[in-house]
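For reference, the structure discussed in these notes is given below.
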2 protein chains.
Amino acid sequence: MVAATISVQSAAAAVPAQRFIDDYLLYLLARASHVVSTEFHTVLRRAGVQVPVWRVLATLAGSPGETVSGLADACLLQQPTMTKLLDRMVRDNLVKRLPDPKDRRVVRIQMTTRGETVVNELLASAKKHETEVLARHPDIDATALKTLLRGMIGRHRRGKRLPG
Amino acid sequence: MVAATISVQSAAAAVPAQRFIDDYLLYLLARASHVVSTEFHTVLRRAGVQVPVWRVLATLAGSPGETVSGLADACLLQQPTMTKLLDRMVRDNLVKRLPDPKDRRVVRIQMTTRGETVVNELLASAKKHETEVLARHPDIDATALKTLLRGMIGRHRRGKRLPG
DNA sequence: TGGTCTTTTATGAAAATGCATGCTACTAAT
DNA sequence: ATTAGTAGCATGCATTTTCATAAAAGACCA
């Protein structure tokens, strides 16, 4: 819409100087993510569950037996952060650590019964919330948007380690 | 990573049992944002600039004289976090605090010369990076995507914010 | 077998963040 | 003017995250 399409020179006066960030893809992505996530965080607060805890539980819901590093990657956290988060979640009886029979370096994380109870309620709320969000945006093709986002994610997975 | 892929029923083979989060809009948004931002953070690290510092400078670049709360909102941070971040940025001679002549409660933030120098280099890098990202995704209509994201952002502003 | 390199998780000190609250300044109503 | 209410910023403490590094196990190779 509007601006950005008008040519450069004389148009500059006609286009009010927007902030850089308001046309910066990385910012728009971050802000959109933040805005919709913040809505759901209200649900989490009411349930007394911290955001990173929810992320771990939601990840484990679909893929039990994740490793510490795997969870860190999935939850967009650093590995030491995940280790300490898991310390708290073990303390709160949401998950437990199990040794990997094949590789003794690896620690596999499994939800406790309590963890599963908690996540099941939250998963229902999350799906409901997602539906509400999409309902507010009838112009958005959810499937297409998700495909697009997965494309952005996938095409950048050049190894899951720190880029030099 | 590992298994968990072994199908449960024959139908499961047709529809691979995805993790919940892999089809969850909020997660895909967060992950896409994280992935592309992380790329740019490499640039920031090389420049010795922390991520929140970059966000403040980038915001000020297009809109000088922001308030503390305005910056917190723009940078997706809480107000006390912003106050402390600004303490450090003042200490590092990137910005300065100025009183607002109309309202003595308000503190206006202005970049120093050094701040402007730093941000100008980073803005150039950011634009270059954005171009690269979009170049990797020829299937994505940048204008349409940005419009979509702005829509998501705008339609959720049920908070107190400029009516703009 | 022994040495070296890599991978995986944990730890510890320092830095940043979140939350509640305090304080000052403006606003509105009486 | 007085009071009450609100807005904007700062502060203190507890919690969390980060950064660098350690420790332990597996992989590779001579």
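None of these values were measured; they are calculated from a predicted model. Below, chains carry the letters A, B, ... as their sequence lines are ordered, and counting in each starts from 1.
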Worksheet item: Should B:Met152 and B:Leu29 be marked as a side chain to side chain contact (heavy atoms under 4.5 Å, CB included) after you check the CA-CA gap, both sets of side-chain angles, and the distance that decides it?
Response: CA-CA 11 Å; B:Met152 295 191 69; B:Leu29 271 172; 3.9 Å; yes

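Within the structure, a side-chain polar atom (N or O) of A:Arg104 is placed less than 4.0 Å from OP1 or OP2 of D:dG26. Between B:Thr67 and D:dG8 there is no side-chain polar atom (N or O) within less than 4.0 angstrom of OP1 or OP2. Dashed line: the shortest gap from a side-chain N or O of A:Arg105 to OP1 or OP2 of C:dT6 is not under 4.0 Å.
Regarding B:Glu66, its CD atom lies at a distance of 15 Å from the C1' atom of D:dC9, rounded to whole Å. Rounded to an integer number of Å, the gap from B:Asp73 CG to D:dG8 P is 11 Å. Distance A:Asp87 CG to D:dT15 P: 15 Å, rounded to the nearest Å. The distance from atom CG of A:Leu86 to atom C1' of C:dT8 is 13 Å, rounded to the nearest whole Å. Computed from coordinates, the A:Arg55 CZ to D:dT16 C1' distance equals 14 Å when rounded to whole Å. Atom CG in A:Leu71 sits roughly 13 Å away from atom C1' in C:dT9 (whole-Å rounding). As a whole-Å value, the separation of B:Asp103 CG from C:dC23 C1' is 15 Å. We find that CG of A:Asp100 is positioned 17 Å from P of C:dT7, with the value rounded to whole Å.
Comment: B:Lys146 does not engage B:Asp141 in a salt bridge, judged by the lack of any side-chain N to carboxylate O separation of less than 4.0 angstrom. Salt bridge annotation for B:Arg19-B:Asp22: present, with a cationic side-chain nitrogen under 4.0 angstrom from a carboxylate oxygen. The existence of a salt bridge linking B:Glu39 and B:Arg136 is confirmed by a sub-4.0 Å separation between a basic side-chain nitrogen and an acidic carboxylate oxygen. Electrostatic pairing of B:Arg105 and B:Asp103 counts as a salt bridge here, judged by a charged N lying under 4.0 Å from a carboxylate O. Classification of A:Lys127 and B:Asp23 as a salt-bridged pair fails, no side-chain N sitting under 4.0 Å from a carboxylate O.
A:Met82 pairs with exactly one of A:Val56, A:Ile109, A:Thr67 by the side chain to side chain contact (heavy atoms under 4.5 Å, CB included) rule, that one being A:Val56.
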Item to complete: Quick one, give me the B/S/- string for nucleotides 16-21 of chain C, reading 5' to 3', where B means a protein heavy atom under 4.0 Å from the base and S means that only happens at the primed atoms, P, OP1 or OP2.
Response: SBBBB-

